[in-house]
Protein chains: 2
Amino acid sequence: MSQQPARVAVIRDVARLAGVSHQTVSRVLNNHPSVREETRDRVLRAVQQLNFRPNAMARGLAGRRSRLIGVVSFDTLLYGPAATLLGLERAARRAGYGIRIVALEQLDRAGVAEAVDRLTEQSVDGVVIIAPLMTAAAAVHSLPTGVPAVVVESDTAGELPSVSVDQVAGARLAVEHLLALGHRTVWHVSGPQDWLEARDRVDGWRQALEAAGCRVPPMVSGDWSPRSGYEAGRLLADRPDVTAVFCANDQQALGMLRALHEQGRRAPEDVSVVGFDDIPEAAYLSPPLTTVRQDFDEVGRRCLAALLELFDGGGPAVRHPRVPPSLVVRASSGPPRSA
Amino acid sequence: MSQQPARVAVIRDVARLAGVSHQTVSRVLNNHPSVREETRDRVLRAVQQLNFRPNAMARGLAGRRSRLIGVVSFDTLLYGPAATLLGLERAARRAGYGIRIVALEQLDRAGVAEAVDRLTEQSVDGVVIIAPLMTAAAAVHSLPTGVPAVVVESDTAGELPSVSVDQVAGARLAVEHLLALGHRTVWHVSGPQDWLEARDRVDGWRQALEAAGCRVPPMVSGDWSPRSGYEAGRLLADRPDVTAVFCANDQQALGMLRALHEQGRRAPEDVSVVGFDDIPEAAYLSPPLTTVRQDFDEVGRRCLAALLELFDGGGPAVRHPRVPPSLVVRASSGPPRSA
DNA sequence: CTGTCGAATGTGAACGATCACATGCGCCGC
DNA sequence: GCGGCGCATGTGATCGTTCACATTCGACAG
């Protein structure tokens, strides 16, 4: 009782209390099969009594793995990356892994390399790179081999396993929805072209139009920001042939709605607007925004699954899984007036 | 050249190559003063030649510190917590620390305790708890002592050092701005009352009104969501005596603007609206939103500073620093029509 | 000349777990 | 009846660093 020298219990203390060897305690901790039921109970009781917690550092040193996953994240507060990180953390925690995060200010080769370096130094078991930029694709190729790594939202044709939401399919969903409402064609306000997702959404938009035999209007370039959506809106608002606009994300759609409103064009009566992401605010814009939802939790889960398969030796069963997006129809899209 | 067995270099390899003992290498790595200049150079050269990286696990085991900081974060995609996390990561990286993150689904006592447990198990040097909820304050009190810990946005009167943005001052800024424009009084749509920040904003609102000798109208309860702002808007829109509304965050202000618009009340001509947070979208709402900006980077920096002071033995110089917020005036606020 | 001190460096033992291998023992098959 | 196999458990080495203490050597004061 009073002998306790304020020191945390280690495995040998547990062994002594349970009357077994330290190795038996280790076996119990790691669920080794050949431990007698009764012995296991005795050990577990001792563990509880001493409030013993295995030291992760020692574990990592002795064993091969740290049960830590490093995440290289782009230094941004955008909804997508943040949601992906959260989804990954949740999945990892359930699987008994911890998350070590490094945020990058710039997603260039040096930055990514240094971040991965930093993480391997910490003996992470694997790395997830949230790399939505084109520049990241190059950086990812020059990674030190030997570290199990999974890439998110990038370079789906590359050597590394990757997980991503099917942006092309998402964009097609949006465009097909608008065409089905009766619009002759759909305009597009794009994201920045150094983002892979932005390119894929452009591709999906174009594919859907071409598949339907529609004219493909010129693309309006944007950069994810509400401002770019606003400016695009001012550009398009006075054209009577613009009846439907697909914005590359919800923030841009927000700016677009504002510009239309200012120019006296009503949504969806005059112009239908569809966004992408389904940010929490989307349902509360005026009007509530029709958009494409991405399942970031699923992305996180699949990242972890791929990583675990990588740990087990072989490559993952599916090297480049694509998570299907879904369309959320709200009030910002409707039939054109002529229809 | 060909003898290299694909094994990473360890400290003894460096020692051998440099012709010194492993301990001397260790001294060089840790900037111990008593190493001859020439010896230091020789060691550093060997380090570079072998591309040696000290193993963080071994370091953590042998030494006392892991250079890791654990972050307990509430499982949310809200702008504030996400920005705080990012600011903290940046500050930590500059100081040579890494971030270990645990996201909580529920911010109750058991959750916080388990998260901190999980982190101490990983031998983190210290813990930052992003705990904006009242329930967290209780949980934080029952923390195992001995782990240096700093709390964010919570319980500024508690035993643990805390860092937070001065919410009361922020709310006063907003209200004083509206009163200065000539409004008789200011209504408030609150955040959820189990959030400390929400309570502080209510306090600031009330203080500012009382200080100015204004009538304090009943508070409208909300929950951060755009929906709650929208509903509050429908409630207030048909009251002619409502000319100025201070919303507890920007999302609520967004919903408020939509409701006003639907009810045919214009902002700011009929009703002025002010938000809180300055989310990236705020500048692009219709109209652009006047709001209170919080400096989350500064919060991150101060958290780290407090933690480092805690490591050095003594408590931090300032136990409960409050980061001042600032008012960002945009188009959603203006003088009342009568003025 | 000698004793003491501090700077520079080395030696071996931690740190707290796992791994590789050894041991004892009951059971089965020939 | 006995060799061998598999289960349950124990023993010592090992992971890669830092810590505690020992050693060497030159400088300097008494």
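Here is how names work: the chains are called A, B, and so on, in the same order as the sequence lines, proteins then strands, and each is numbered from 1. From a predicted model like this one, the values you see are computed outputs, not experimental measurements.
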To the nearest angstrom, how far is B:Asp13 atom CG from D:dC15 atom P?
11 Å
Rounded to whole Å, please give me the gap between CZ in A:Arg65 and P in C:dT18.
9 Å
Please report, rounded to the nearest Å, how far the C1' atom of D:dT17 is from the CD1 atom of B:Ile11.
6 Å
With a 3.5 Å distance limit and no angle check, can you tell me whether B:Asp13 reaches the backbone of B:Ala9 through a side-chain donor-acceptor pair?
no
Contact class for A:Arg53 vs. all strands (heavy atom < 4.0 Å): base, sugar-phosphate, or nothing?
sugar-phosphate
Looking at A:Asn30, I'd like to know whether one of its side-chain N or O atoms comes within less than 4.0 Å of OP1 or OP2 on C:dT18.
yes
Separation of C:dA17 atom C1' from B:Asn55 atom CG, nearest Å, is 14 Å
Rounded to whole Å, the CG-C1' distance (A:Leu61 to C:dC19) equals 13 Å
Between CZ of A:Arg67 and P of C:dA17 the distance, given in whole Å, is 16 Å
So does B:Val152 get a backbone contact from the side chain of B:Ser162, meaning a donor-acceptor N/O pair under 3.5 Å?
no
Looking only at atom types and distance, does a side-chain atom of A:Asn30 sit under 3.5 Å from a main-chain N or O of A:His32, one as donor and one as acceptor?
no
Going by the rule side-chain hydrogen bond (donor to acceptor under 3.5 Å, both in side chains), which residues pair with A:Glu38 if we only count those two or more places apart in sequence or in a different chain?
A:Arg42
Euclidean distance, atom CD of residue B:Gln122 to atom C1' of C:dA17 [Å, nearest integer]:
14 Å
Indicate for each nucleotide in nucleotides 4-14 of chain D, in 5' to 3' sequence, whether protein heavy atoms under 4.0 Å reach the base (B), only the sugar-phosphate (S), or nothing (-).
----SBBBB--
Report yes if at least one side-chain N or O of A:Ser26 is closer than 4.0 Å to OP1 or OP2 of C:dT18; otherwise report no.
yes
Distance-only, no hydrogens or angles: does the A:Arg302 side chain make a donor-acceptor pair with backbone N or O of A:Val323 under 3.5 Å?
no
With no hydrogens and no angle check, is any side-chain donor or acceptor of B:Arg93 less than 3.5 Å from a backbone partner on A:Ala103?
yes
